[in-house]
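Counting starts at 1 for both ligands and their atoms, in listed order. Worth saying up front: this structure is predicted, and the values here are computed from it rather than measured.
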Amino acid sequence: MQIPGHIDPVPTTRAPVLREDGRVDLVGLSKDQIKAELLNAGLDAKQSKLRAKQIWHWVYNRGVTDFVAMTDIAKAQHPWLDQHFVIGRPEVVEAQVSTDGTRKWLLRSPDAQDYEMVFIPDADRGTLCVSSQVGCTLNCRFCHTGTMRLVRNLTPGEIVGQVMLARDSLGEWPSAQDGRMLTNIVMMGMGEPLYNFDAVRDALKIVMDGDGLALSKRRITLSTSGVVPMMERAGKEIGVNLAVSLHAVTKEIRDEIVPLNRKYGIEELLQACADYPGANNARRITFEYVMLRDKNDSDEDARELVRLLRKYKLPAKVNLIPFNPWPGAPYDTSTPERVKAFSTIVFEAGISAPVRTPRGRDIDAACGQLKTSSERKSRAELDRLAEEKQAALG
Ligand code: SAH
Ligand code: SF4
């Protein structure tokens, strides 16, 4: 059977896109890459090494966007730096705040691709939900992002740029500051992070670097729909917490709602979780489970979930996500009673199974609702054009 969507990785714009003015954007570059750019622009090796270290600190730890602020770099060199480089931020097309305090930003890349990020404040933490791709190739049937036509991988600069923009807007530079609102990051925005592995790894390395954004790997979670062959590398090369979008416990249902399951099945996926480097009882794997009415929410499903988690001896917690509907979605949300009953079965088996409250619903910022409004507009525009065409023919 034809698998919906293309389930192989999409091409990436990997190299930093050269700006129209010919300057290089330093955001997203590693220290070595900054050094190479400085050499390339004409500094000698010794200067390049020193300046790269200083610039790295100013860019990623202090959040400055202007070379003039780099007080340990000779004033005379500021105009030269400015001539060759910029310290960019994603362009903000729209910023919205929900009645519950959740914030959503619609961002645009220089090649006019739109993507979103969401900030969710809680009493004891603040979580930034970061996108890894524009759209997603995987077409999970309950996910709005999966219905987008356009897909491109985000660059490391576009990924780390989201976190830097959030810090700007919350006023949370420098990195060492205590009492920050932004305390956690989840790679749960638009896209499948393990289909953009290199860029996600490079961006998170900058986020985790003590002299960079300095956020501990224990406060970062990467969510995957189950790209089995990349999971071991994710553990070894990134080492953040793992979340797995399981959503179903039988082949039949998971094949339907997460089409990637036809390539990497449930047992294979759970084995990869059992092998995930760094998973233990102190650092459990989160299994996300979207609750779809009469689809995956029976008592039997809950018991099978427990059986599977036990079979693979997984240090697990289960996140139950009531399905967030979107226009035209082919599913309904499970009833609250069903969610409760499901949660109780898992919980009584000794596995924590909290029900996630949807956040930012009024601004379409809740889980799985991310789909850029410009895409919606172009869809609406297409519909209008189709109607006009119909009218002309009629
Ligand atoms: N592609 C990755 C990360 C982004 S999706 C993944 O699938 O894991 C983040 C989470 O939101 C996933 O668990 C996803 O299944 C869930 N999700 C998607 N659409 C949803 C919806 N309409 N309602 C509730 N959760 C949804
Ligand atoms: Fe892609 Fe995740 Fe949405 Fe599936 S749930 S379509 S993998 S973003």
Point to revise | From the candidates Ser132, Gly135, Cys140, the one that places a heavy atom nearest atom 6 (S) of ligand 2 | key: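 Looking at heavy atoms only, the winner is Cys140.
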
Practice item. Select the closest option to atom 1 (N) of ligand 1 among Ser245, Ser223, Gly191, judged by heavy-atom distance. Key: Gly191

Tell me the contacting part of [X] for ligand 1: side chain, backbone, both, or neither, using a 4.0 Å heavy-atom threshold, strictly below.
| X | result |
| --- | --- |
| Met190 | neither |
| Glu288 | side chain |
| Ile321 | side chain |

[X] heavy atoms, cut-off 4.0 Å: which ligand 2 atoms fall inside?
| X | answer |
| --- | --- |
| Ser225 | 7 (S) |
| Leu138 | 7 (S) |
| Asn139 | 6 (S) |

Exercise for review: Give me the ring orientation class for Tyr60 and Trp56: parallel if the planes are under 30° apart, tilted from 30 to 60°, perpendicular past 60°.
Suggested key: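 It falls in the perpendicular class, over 60°.
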
Point to revise | Parallel, tilted or perpendicular, as decided by the 30° and 60° cut-offs, for the rings of His144 and Trp326 | key: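 Correct class here is parallel.
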
**Study point:** salt_bridge(Arg152, Asp111) N-O dist < 4.0 Å
**Key:** yes

Check your understanding: When you check the gap from the basic side-chain N to the acidic O, do Arg338 and Asp299 get nearer than 4.0 Å?
Key -> yes

Ligand 1 atoms in contact with [X] (distance to a heavy atom under 4.0 Å):
| X | value |
| --- | --- |
| Thr224 | 6 (C), 8 (O) |
| Trp326 | 22 (N) |
| Phe142 | 15 (O), 17 (N), 18 (C), 19 (N), 20 (C), 21 (C), 22 (N) |
| Cys143 | 18 (C), 19 (N) |
| His247 | 13 (O), 14 (C), 15 (O) |
| Asn324 | 21 (C), 22 (N), 23 (N), 24 (C) |

Review point. Is the distance from atom 3 (Fe) of ligand 2 to the nearest N/O/S atom of Cys136 under 2.8 Å?
Key: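 Here the distance criterion (N, O or S atom, under 2.8 Å) is not met by Cys136, so no.
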
Practice item. Flag Gly189 as yes when one of its N or O atoms lies below 3.5 Å from any N or O atom of ligand 1, and as no otherwise. Key: no

Within 6.0 angstrom of [X] [atom1], more than 12 heavy atoms from elsewhere:
| X | atom1 | value |
| --- | --- | --- |
| Lys205 | NZ | yes |
| Arg307 | CZ | yes |
| Gln83 | CD | yes |
| Asp178 | CG | no |

Check your understanding: Can Asp32 and Ser30 be said to form a side chain to side chain donor-acceptor pair (under 3.5 Å), step by step?
Key -> CA-CA 5 Å; Asp32 279 347; Ser30 67; 5.5 Å; no

Practice item. Check for a donor-acceptor pair, side chain of Glu158 on one end and backbone N or O of Thr155 on the other, with a separation under 3.5 Å. Key: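 Present.
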
Review point. So, for atom 2 (Fe) of ligand 2, does the protein have a heavy atom nearer than 4.0 Å?
Key: no

**Study point:** Worked check of salt bridge (Lys or Arg N to Asp or Glu O under 4.0 Å) between Asp82 and Arg23
**Key:** CA-CA 8 Å; Asp82 204 36; Arg23 295 190 290 173; 3.7 Å; yes

